[in-house]
2 protein chains.
Amino acid sequence: MQQPRGTRVRGTRQAEALAAALASLPGFCSAQEIHAELRRRGEHVGLTTVYRHLQVLSEQGSVDMIRDASGETLYRQCATTVHHHHLTCRSCGRSVEVEGRVVEQWAEKVAAEAGFTSVDHTVELFGLCPVCSGG
Amino acid sequence: MQQPRGTRVRGTRQAEALAAALASLPGFCSAQEIHAELRRRGEHVGLTTVYRHLQVLSEQGSVDMIRDASGETLYRQCATTVHHHHLTCRSCGRSVEVEGRVVEQWAEKVAAEAGFTSVDHTVELFGLCPVCSGG
DNA sequence: CTGATAATGGAAACGATTATCATCTTATCC
DNA sequence: GGATAAGATGATAATCGTTTCCATTATCAG
């Protein structure tokens with residue numbers, strides 16, 4: 001099996017620990033939170049390595065990456081490789097993947113009308129989940 | 001500087017210089033770019049002050065604020081106070097305000113179905129404008 | 001086992017933004 | 001007109017998430 005350079009081919013202890021941590025975290029977390037989670041589990045993984053892996057995984061589409069209101073980057077293991085958006089709880093970080101065909105169509109239409117090309121879109125929904133709503 | 005008295009509500013020299021600069025910039029710019037533009041015009045306005053004003057204006061709804069792919073915050077004078085979104089050129093920063101009733105309705109529907117409350121949404125479109133498309 | 005090479009991680013660098021605080025403006029009162 | 005209080009300004013330092021550096025360590029093929 002030949003892999004292109006720069007991709008993670010070697011199965012390292014750190015990569016697995018990170019994968020395990022990601023799998024256990026239910027919602028979006030910052031790189032630093034993930035790093036803390038690893039430390040909590042007794043796994044020594046450098047912060048640099050966490051960032052590095054997260055970046056690669058995100059490029060590969062294995063994790064979703066969003067930005068919260070303060071500009072911090074949050075990551076989450078993603079269930080599907082199909083394009084989707086998120087409805088994330090502002091309070092606990094838990095999130096739901098939502099299908100957004102309507103939005104995609106809207107984006108394309110709007111872009112075409114304005115003569116724009118290579119259009120990409122960012123759509124994120126933040127709110128309070130049923131639990132955190134206290135209802 | 002011989003300014004007529006009684007204009008205290010309208011602000012200071014710096015505030016006006018900033019307003020003028022914003023009015024002349026066609027697209028989204030970072031605070032630092034706006035600061036540079038002011039310096040170019042010969043106006044001495046501290047970077048701190050630029051940030052301070054931008055923040056206030058943004059809270060007032062007088063300027064729109066978005067975040068680009070690298071996480072930098074961009075500002076633009078906004079034409080209307082009505083809720084809207086932007087289709088921004090990745091290359092030159094010029095942008096078009098687009099109406100997004102469809103998106104709002106979609107966001108509300110999705111949120112309601114998931115039981116989320118206090119839902120807020122972020123929707124930004126980035127692409128290449130007709131000019132930068134090279135067409 | 002051994003050498004080649006990729007991966008790691010602590011420390012330093014970075015860059016946008018924010019906080020600090022002394023100084024300068026402006027407005028109001030006398 | 002001048003004193004004075006209130007507020008705005010801005011150079012500098014501090015913050016903080018993220019990246020870069022680079023010496024060290026781990027992994028894999030032969």
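So you know, we letter chains A, B, ... as the sequences are listed, proteins then strands, and number each from 1.
Note on A:T73: a side-chain N or O is less than 4.0 Å away from OP1 or OP2 of D:dT18. For D:dG10, the OP1/OP2 oxygens have a side-chain nitrogen or oxygen of B:T49 closer than 4.0 Å. The side chain of B:H53 places no N or O atom within less than 4.0 Å of a non-bridging phosphate oxygen (OP1 or OP2) of D:dA8.
Between the CD atom of A:Q14 and the C1' atom of D:dT25 there is a distance of 10 Å, given to the nearest Å. The CD atom of B:E72 sits 13 Å away from the P atom of C:dT18 (whole-angstrom rounding). Atom NE2 of A:H44 is separated from atom C1' of D:dT25 by 15 Å (rounded to the nearest Å). Per the geometry, CZ belonging to A:R67 stands 11 Å off P belonging to C:dT17, to the nearest Å. D:dG17 atom P lies 12 Å from atom CG of A:L74, rounded to whole Å.
Between A:E104 and A:R101 there is no salt bridge, since no side-chain N of the basic residue sits under 4.0 Å from a carboxylate O of the acidic one.
Partners of A:R13 by side chain to side chain donor-acceptor pair (under 3.5 Å), not counting sequence neighbours, listed by chain and number: A:E43. Remark: A:S24 pairs with A:R41 by the side chain to side chain donor-acceptor pair (under 3.5 Å) rule, at least two apart or across chains. Remark: A:T80 pairs with no residue by the side chain to side chain donor-acceptor pair (under 3.5 Å) rule, at least two apart or across chains. Legend: residues meeting side chain to side chain donor-acceptor pair (under 3.5 Å) with B:T73, ordered by chain and number and at least two apart, are B:R67.
Under the side-chain contact (heavy atoms from CB on, under 4.5 Å) rule, B:V110 has a single partner from A:V96, A:V102, A:L125, A:V103, which is A:L125.
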Could you list, one pair per line, each protein nitrogen or oxygen that sits under 3.5 Å from a nitrogen or oxygen of nucleotides 19-23 of chain D, together with the distance?
from: D:dT20; atom 1: O4; to: A:T48; atom 2: OG1; distance (Å): 3.3

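Contacts of residues 26-40 of chain B with DNA chain C (heavy atom under 4.0 Å): B:Q32.
Annotation: the span from B:I34 atom CD1 to B:Y75 atom OH amounts to 8.0 Å, rounded to 0.5 Å.
Here B:H85 and B:H121 bring their ring centres to under 6.0 angstrom of each other.
A cation-pi arrangement is present between B:R76 and B:F28, with the terminal nitrogen or guanidinium carbon under 6.0 Å from the aromatic centre and inside a 45° cone about the axis.
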